[in-house]
Amino acid sequence: MDAILIITVLIVIFALIFDFINGFHDTANAIATSVSTKALKPRHAIILAATMNFVGAMTFTGVAKTITKDIVDPFTLQNGSIVILSALIAAIFWNLLTWYFGIPSSSSHALIGSIAGAAIASAGFSALNYSGFIGIIQALIFSPLIAFAAGFIIYSIFKIVFRNNNLTKTNRNFRTIQIFTAALQSYTHGTNDAQKAMGIITLALISNNYVTSTDIPFWVQLSCAIAMGLGTSVGGWKIIKTVGGKIMKIRPVNGVAADITGAMVIFGATALHMPVSTTHVISSSILGVGSAHRVKGVKWGTAQRMLITWVITLPISATIAGLTYLILSSFL
C-alpha cells in the first residue's frame, strides 16, 4: 500500500471522526429547546435528531461542493494530503476542547479556519480561493445576525397572535408542536453540517487524483450521514444545558419560535450551497426570541462568553492547523 493511499485512508477516517464529533457537539443545539421545555424526553429527542440528521445528510450535496472547491483549489493544492489531514486534526482538537468545557463553539468555523490555516502554512496566502473563501466568511457572519432578527420578529408575531390565549393550554399545545419543529431543525442541521465532512473527503480524493470532479461520491455521502447519525445518538449533554437553559428560561412557545427560525435560516443557507454555523444560528435564534420576550430575561453573560468563543475559533483553529501542518510535513 503506497503512502498516498495510506494518508487518504487516514483522511477519510479522521473526516468521519470529525462528523461523529460534530454529531454530538452541534446536534445538541437542534434539540436543546425541546429537551429543556420537556416537550421531548432526552432519549426520544436524541433518537429523533439522529434519524432526521441522517435523512437531511442524504438529501443534498451543494454545501459539500462549496467546501471542496471554494476555500482552496483542490486541483492545484500543494501537499494536499498533509494540508487536509492537519486541518482535520486541528478541527477535531478544538471541537473536543470546547465540548469538554460545554461551550457551544462552531464546528464549521473550526473546520473552515483549519483548512485555511493549513493551506497558508503549505503555500502562503496565495493558496486561498479568495472569492469563495470571503463568500463563506460572509455567510458565517450574516447568518446569526439574520437568525437573531428573524427570531425577534417571529416571537413578536407569536405574542400578538396568542396574547389572549390561556397560558397552560398554549404551553401544552406548543409542546406538541415542538416535537415537529425539533425534527425539522434536526433535518436542516443534517442538510448543512454533515456535508462539510463530505466536502473535505472529496477534496482529498481530488488532491490525490482518485476522482476528477467535485461531484460527491455516493459512498462518501452515505458514510458521512451514518457518522453524523451515530454521533447524534451519543448526545451532547453539556452543550444542551448551555443552549437549553443558560441563555434564557425557555418555554414551549419560545422553543417553537426559536426552532422555526433556526430551521428557516439553516435551510436557506443550504439552498444557497453555503456552509453556516448551526451553533451560531440556533443560539442567535434563541437570543432573538429572548430579546423579544424580555430583554432582562436573557443571560447576556453566557451570550458574551459564547460570542468570544465564536470570534476566536477561526484564528485559533487556523493557527493550530498551521502548526500541525509544519509538524506533519517534517515527518511525512
Checklist outcome for this item: For Met198 and Ala57, the nearest pair of non-hydrogen atoms, with its separation, is CE-O, 3.2 Å

Checklist outcome for this item: Heavy-atom nearest pair, Pro275 first then Ala139, reads O-CB, 4.1 Å

Item to check | Derivation and outcome, side chain to side chain contact (heavy atoms under 4.5 Å, CB included), residues Val276 and Phe142 | outcome: CA-CA 9 Å; Val276 296; Phe142 287 114; over 6 Å; no

Item to check | Chi angles and distances behind the side chain to side chain contact (heavy atoms under 4.5 Å, CB included) call for Ile216, Thr68 | outcome: CA-CA 9 Å; Ile216 310 302; Thr68 300; 4.2 Å; yes

Any donor-acceptor pair under 3.5 Å from [X] side chain to [Y] backbone:
| X | Y | answer |
| --- | --- | --- |
| Lys69 | Leu203 | no |
| Gln78 | Ala123 | no |
| Gln195 | Gly62 | yes |
| Ser122 | Ala118 | no |
| Asn79 | Ile82 | no |
| Gln221 | Thr61 | no |
| Asn192 | Met274 | yes |
| Ser317 | Leu314 | yes |
| Ser233 | Leu230 | yes |

Item to check | Derivation of the salt bridge (charged side-chain N to carboxylate O under 4.0 Å, His left out) call for Lys65 and Asp70 | outcome: CA-CA 8 Å; Lys65 291 181 180 180; Asp70 281 13; over 6 Å; no

Next on the checklist: Go through it in stages, so that I can follow the logic: the residues are Ile206 and Thr212, the test is side chain to side chain contact (heavy atoms under 4.5 Å, CB included), and I'd like the CA-CA distance, side-chain angles, deciding distance and then a yes or no.
Outcome noted: CA-CA 6 Å; Ile206 293 173; Thr212 57; over 6 Å; no

Between [atom1] of [X] and [atom2] of [Y], what distance do you get to the nearest 0.5 Å?
| X | Y | atom1 | atom2 | value |
| --- | --- | --- | --- | --- |
| Ile146 | His280 | CD1 | NE2 | 14.5 Å |
| Thr278 | Asp193 | OG1 | CG | 3.5 Å |
| Ile134 | Ile141 | CD1 | CD1 | 10.5 Å |
| Met58 | Thr191 | CE | OG1 | 13.5 Å |
| Ile200 | Phe18 | CD1 | CZ | 7.5 Å |
| Asn209 | Ile4 | CG | CD1 | 7.5 Å |

Checklist entry - Would you say Lys41 has more than 12 foreign heavy atoms packed within less than 6.0 Å of its NZ? => result no

Have [X] and [Y] got a donor and an acceptor in their side chains that come within less than 3.5 Å?
| X | Y | value |
| --- | --- | --- |
| Ser131 | Asn129 | yes |
| Tyr187 | Asn53 | no |
| Ser277 | Ser108 | no |

Is the shortest heavy-atom distance from the side chain of [X] to the side chain of [Y] under 4.5 Å?
| X | Y | answer |
| --- | --- | --- |
| Ile71 | Ile115 | yes |
| Leu16 | Ser223 | yes |
| Met228 | His189 | yes |
| Ser156 | Ile153 | no |
| Gln178 | Leu40 | no |
| Val256 | Tyr155 | no |
| Ser114 | Leu88 | no |
| Phe148 | Ser285 | no |

When hydrophobic residues are tied together by side-chain contacts of less than 4.5 Å, even through go-betweens, does [X] share a cluster with [Y]?
| X | Y | result |
| --- | --- | --- |
| Ile137 | Val63 | no |
| Val72 | Val211 | yes |
| Leu184 | Ile266 | no |
| Ile327 | Ile320 | no |
| Ile177 | Ile160 | no |

Next on the checklist: Does Ser107 form a side-chain hydrogen bond (donor to acceptor under 3.5 Å, both in side chains) with Lys196? I'd like the steps, not just the answer.
Outcome noted: CA-CA 9 Å; Ser107 296; Lys196 292 153 192 170; over 6 Å; no

Next on the checklist: Taking the ring centre of each residue, are Phe267 and Phe60 less than 6.0 Å apart?
Outcome noted: yes

Checklist entry - Which word best sums up how the rings of Phe162 and Phe174 line up, parallel for under 30°, tilted for 30 to 60°, or perpendicular for over 60°? => result perpendicular

Checklist entry - With sequence neighbours left out, which residue pairs that include part of residues 4-19 fulfil the side-chain hydrogen bond (donor to acceptor under 3.5 Å, both in side chains) condition? => result Thr8-Asn208

Checklist entry - Stepwise, does the side chain to side chain contact (heavy atoms under 4.5 Å, CB included) test hold for His293 with Arg251? => result CA-CA 10 Å; His293 179 70; Arg251 294 181 175 85; 3.6 Å; yes

